[in-house]
Amino acid sequence: MCIFCKIVNGDIPSYKVYEDENFLAFLDISQTTKGHTLLIPKNHSDNVLSTSENTLSLMLPLATKIALAIQKTTNAQGFNILTNCGEIAGQSVMHFHIHIIPRYQNDTFNISFTSNSFTKEDLTTLCSNIKESL
Ligand code: 5GP
Ligand code: ZN
């Protein structure tokens, strides 16, 4: 059983901020910023790509509701709401979860998008290949 399923089962303690029949949100143990919370479906799925559309459709509204509650509590000035999918992307727990990361002036969390150069031709081909794969 994965570590988050153990949290759902109550085998591992957690600071639960929200729970219903299908979802659980609890404070991330790392607290990368104050209030850093994870939202998970209780039913195990490995990552966002293997989670049902129905589950996904319910999770973003829940994540925003939790973010607003965190904001009220901590005066966060912004949020990163994200999910890591696959080890290469930094996923370390293979039970789908959404990170709700409150942001503060001078906090230590760092997310940066580096830039790469592609030709117009590259981008045109890339774009049409993706479109055709949908
Ligand atoms: P990932 O790297 O998979 O996107 O994120 C996994 C997150 O789970 C990490 O931020 C890590 O701190 C958190 N985490 C790992 N084990 C536990 C645990 O036992 N309890 C809690 N609350 N968080 C955990
Ligand atoms: Zn699990």
Side-chain angles (χ1 to χ4, degrees):
M1 189 185 286
C2 91
I3 197 160
F4 287 176
C5 283
K6 286 181 184 167
I7 287 177
V8 170
N9 270 4
D11 299 338
I12 295 178
S14 64
Y15 294 94
K16 295 178 185 173
V17 302
Y18 176 86
E19 182 167 23
D20 66 24
E21 200 185 334
N22 299 308
F23 302 103
L24 178 65
F26 52 95
L27 296 181
D28 189 296
I29 206 165
S30 73
Q31 287 299 286
T32 195
T33 65
K34 184 182 171 187
H36 179 190
T37 297
L38 301 174
L39 173 62
I40 65 169
K42 288 186 173 177
N43 274 339
H44 181 100
S45 59
D46 288 345
N47 59 50
V48 66
L49 296 183
S50 57
T51 301
S52 74
E53 270 188 44
N54 182 54
T55 297
L56 293 175
S57 71
L58 296 168
M59 286 181 78
L60 196 54
L62 253 181
T64 55
K65 184 177 165 156
I66 293 163
L68 286 168
I70 295 170
Q71 189 178 46
K72 269 193 200 163
T73 312
T74 65
N75 286 320
Q77 292 145 292
F79 285 86
N80 293 104
I81 297 175
L82 58 88
T83 187
N84 296 324
C85 180
E87 217 175 311
I88 190 79
Q91 185 178 3
S92 60
V93 177
M94 299 301 159
H95 181 131
F96 172 48
H97 51 281
I98 294 178
H99 289 267
I100 303 162
I101 305 170
R103 300 304 307 270
Y104 309 95
Q105 207 74 50
N106 301 321
D107 69 31
T108 54
F109 184 64
N110 178 36
I111 187 164
S112 62
F113 294 96
T114 52
S115 291
N116 291 292
S117 295
F118 289 92
T119 63
K120 276 187 178 176
E121 290 72 28
D122 285 339
L123 295 178
T124 303
T125 306
L126 181 63
C127 178
S128 65
N129 286 345
I130 294 171
K131 220 188 282 184
E132 279 162 23
S133 301
L134 283 172

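For the single chain, residues carry numbers from 1 onward in sequence order. For ligands, and for the atoms within them, numbers begin at 1 and follow the listed sequence.
Between the Gln71 side chain and the Phe79 main chain, no donor and acceptor come within less than 3.5 Å of each other. Using modelled atom types, one side-chain atom of Tyr104 and one backbone atom of Lys34 make a donor-acceptor pair closer than 3.5 Å. A donor-acceptor pair under 3.5 Å is absent between the side-chain atoms of His44 and the main chain of Phe4, judged by distance alone.
Of all N, O or S atoms in His95, the one lying closest to the Zn ion (ligand 2) is ND1. Within His44, the N/O/S atom positioned nearest the Zn ion (ligand 2) carries the name ND1.
The protein atom (non-hydrogen) at minimum distance from atom 14 (N) of ligand 1 is Ile29 CG2, 3.8 Å. Looking only at heavy atoms of the protein, atom 22 (N) of ligand 1 is closest to Leu27 O, 2.9 Å. For atom 3 (O) of ligand 1, the closest heavy atom belonging to the protein is Ser92 N, 2.7 Å. The protein heavy-atom contact nearest to atom 5 (O) of ligand 1 is His97 NE2, 3.0 Å.
Both the backbone and the side chain of Ser30 come within 4.0 Å of ligand 1, counting heavy atoms alone. Under 4.0 Å from ligand 1, the heavy atoms of Phe4 that appear belong solely to its side chain. Under 4.0 angstrom from ligand 1, the non-hydrogen atoms of Ile3 all belong to its side chain. For Leu38, every heavy-atom contact with ligand 1 shorter than 4.0 Å involves the side chain, none the backbone.
Proximity to Gly90 (heavy-atom distance under 4.0 Å) selects the following atoms of ligand 1: 1 (P), 2 (O), 4 (O). Of all atoms in ligand 1, numbered sequentially from 1 with element shown, those under 4.0 Å from a heavy atom of Phe26 are 21 (C), 22 (N).
By the 3.5 Å distance cut-off applied to N or O atoms, Ile12 is not counted among the residues near ligand 1. Between His99 and ligand 1, at least one N/O pair is under 3.5 Å apart. The shortest N or O to N or O distance between Val93 and ligand 1 is below 3.5 Å.
A 4.5 Å side-chain heavy-atom check between Ile3 and Ile12 finds at least one atom pair inside the cut-off.
Residue Ile88 places its CD1 atom among 12 or fewer non-hydrogen atoms of other residues, nucleotides or ligands, all under 6.0 Å distant. Heavy-atom neighbours of Tyr15 OH from other residues, nucleotides or ligands within 6.0 Å: at or below the threshold of 12. No more than 12 heavy atoms of other residues, nucleotides or ligands sit less than 6.0 Å from atom CG of Asn43.
No side-chain donor-acceptor contact under 3.5 Å links Ser52 and Asn54.
When Asp28, Asn47, Asn84, Ile7 are checked for heavy-atom proximity to atom 9 (C) of ligand 1, Asp28 turns out nearest.
In summary, Glu21 and Lys42 do not engage in a salt bridge, as defined by a charged side-chain N under 4.0 Å from a carboxylate O.
Remark: distances from the non-hydrogen atoms of Met94 to ligand 1 are all 4.0 Å or more.
Here the CD1-CG distance, from Ile7 to Leu38, works out to 8.0 Å after rounding to the nearest 0.5 Å.
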I'd like to know whether His95 forms a ring-ring contact (aromatic ring centres under 6.0 Å, His included) with His97, so could you lay out the CA-CA distance, the side-chain angles of the two residues, the decisive distance to 0.1 Å, and finally the verdict.
CA-CA 6 Å; His95 181 131; His97 51 281; 7.9 Å; no

